[in-house]
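Step one of this worksheet: look at the structure below.
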Amino acid sequence: MIKIVLDTFGADLGEEELIKGALNSSKNHNIKLILVGNQTLNEKAVKKYNLSNTEVEYINTLEYISNNEEPALGIRKKKNSSMVLGMEAVKQGIGDGFISCGNTGALLAGATFITGRIKNVDRASLSAVIPSLKGGFILSDVGANVDCTPEFLKNFAIMSNIYAKKVLNKENPKVYLLNVGDEDEKGNKLTKDTFELLKNENINFCGNIEARDMLYGKADVIITDGFAGNIALKSTEGAISLLLGQLKEGIMKTSIRKLGALLLKPVFNDIKVLMDYREYGGAPILGVKNPVFKAHGNSNARAVETGINAMIKFIEEKVIEDIIKYKEEENV
């Protein structure tokens, strides 16, 4: 049985949606849920949605770290916050993995300070799976480190390569470097120096890739600094949301369009599923000693379910153990 620790604060849609998603995941996996947050509200939601009698435990607290708080300060000062208590539970072995929709910076700080970084990893990265025409790719980093060195990016590539093999089932992941052009000589000093490092690393490094090519499925892993990665992630999410929204709005304007849309409904559904980030609902913080996942602030039940499913596979496939082993062998 895998013990999943869920932070029930920080979600735009409230704790009910989070708990519903977690319990949906339990229908297909042998898990125990440890809910950290307002126990009264959490118990009410569990009573409503726990139809399969999943084992549930509670860690009660009313304290949480809001999105407008300074991350490291929040972790240091709010020792009874849901985020700190949740990660402490994982560190102590009470839970096997922690997932939260809360303050991203605080989650990264907590994962680093509480669970600790893996030896020989200088920076942990937030590695999101982005939908593409070929089933999704890993973008790393998406906001944890806005200022990076080539060595940081090399480590992101190593860790994401392992993650892609284990969780996305990519036998020999194609790793690319996000850049302003796909020619080898393009970029600034950071990308040029990183290119030289990745070229000599024991991974399937395929060169540079432009942002406009990300969604075509050419890459399995795309490496970048957190500043560019966060912009790329949010631009992609915004473009997909805009496209789907405009499509729906255009269809609803006339009866003829509605009739045509009815005939094309299977096509539209396929596109919606293909481009729905909620099908990849959790991003791991790679480089720390325990499984810590970040879910989107506006996650619905489906996003939470898929995020927990990804974390379960992450734990079962021993991704952290493989990263530790790789870094130990690299430094022998």
Side-chain angles (χ1 to χ4, degrees), residues 5 71-72 75 83-84 86-88 90-91 95-100 102-130 137-168 173 175 177-178 190 194 197-198 201-203 205 220-230 233 280 282-295 307 310-311 313-332:
V5 184
I75 291 293
M83 201 173 278
V84 170
M87 282 187 275
E88 285 285 1
V90 172
K91 181 182 179 181
D96 297 311
F98 177 70
I99 185 166
S100 174
N103 184 313
T104 303
L107 189 68
L108 176 70
T112 302
F113 298 147
I114 296 171
T115 73
R117 277 199 307 268
I118 292 169
K119 187 178 179 181
N120 300 318
V121 173
D122 294 319
R123 290 289 188 278
S125 73
L126 187 59
S127 304
V129 179
I130 312 297
F137 65 92
I138 295 167
L139 182 62
S140 180
D141 179 38
V142 294
N145 306 276
V146 294
D147 296 305
C148 287
T149 67
E151 191 67 29
F152 293 173
L153 297 187
K154 185 192 86 168
N155 274 326
F156 299 167
I158 290 167
M159 295 187 294
S160 297
N161 184 61
I162 293 170
Y163 181 44
K165 285 181 179 180
K166 293 287 190 172
V167 178
L168 298 187
V175 180
L177 179 65
L178 187 64
L190 174 63
T194 303
L197 282 181
L198 295 182
E201 193 59 40
N202 187 28
I203 57 176
F205 179 56
D220 299 314
V221 174
I222 297 178
I223 299 304
T224 184
D225 63 271
F227 186 83
N230 190 267
L233 172 68
Y280 306 93
I285 296 177
L286 297 178
V288 295
K289 295 177 181 177
N290 297 106
V292 176
F293 271 58
K294 173 70 173 75
M311 184 161 65
K313 190 167 186 182
F314 185 94
I315 294 167
E316 290 177 337
E317 294 293 336
K318 301 184 184 301
V319 173
I320 291 175
E321 290 86 340
D322 279 10
I323 292 172
I324 292 171
K325 182 180 177 183
Y326 189 102
K327 296 305 292 181
E328 286 175 347
E329 292 174 351
E330 182 185 54
N331 288 274
V332 169

dist Leu198:CG -> Leu153:CG (nearest 0.5 Å) comes out at 7.5 Å
Discussion item. Apply side chain to side chain contact (heavy atoms under 4.5 Å, CB included) to residues Phe98 and Met83 and explain how you reach the verdict.
Written reply: CA-CA 9 Å; Phe98 177 70; Met83 201 173 278; 4.1 Å; yes
Evaluate the side-chain proximity of Asp96 to Pro291: yes if any heavy-atom separation is below 4.5 Å, no if none is. no
By salt bridge (Lys or Arg N to Asp or Glu O under 4.0 Å), Asp122 pairs with (sequence neighbours left out) none
Tightest non-hydrogen contact, residues Pro173 and Val221, listed as CB-CG2, 4.4 Å
**Q.** Leu190 side chain near Pro150 side chain, heavy-atom distance below 4.5 Å
**A.** yes
- Query: With side chains defined as the heavy atoms from C-beta onward, is the minimum distance between Leu177 and Thr194 less than 4.5 Å?
  - Reply: yes
Student check: side-chain heavy atoms of Glu201 and Ile158 closer than 4.5 Å: yes
The side chain to side chain contact (heavy atoms under 4.5 Å, CB included) partner of Leu126 among Asp141, Asn145, Leu233 is Asp141
Min side-chain heavy-atom separation Tyr163-Ser140 under 4.5 Å
no
Checking Asp220 side chain against Phe137 main chain: does a donor-acceptor pair fall under 3.5 Å? no
- Check whether any side-chain N or O of Lys294 sits under 3.5 Å from a backbone N or O of Thr104 as a donor-acceptor pair, and report yes or no. no
Problem set entry | Residues Glu328, Lys325: salt bridge by 4.0 Å N-O rule | no
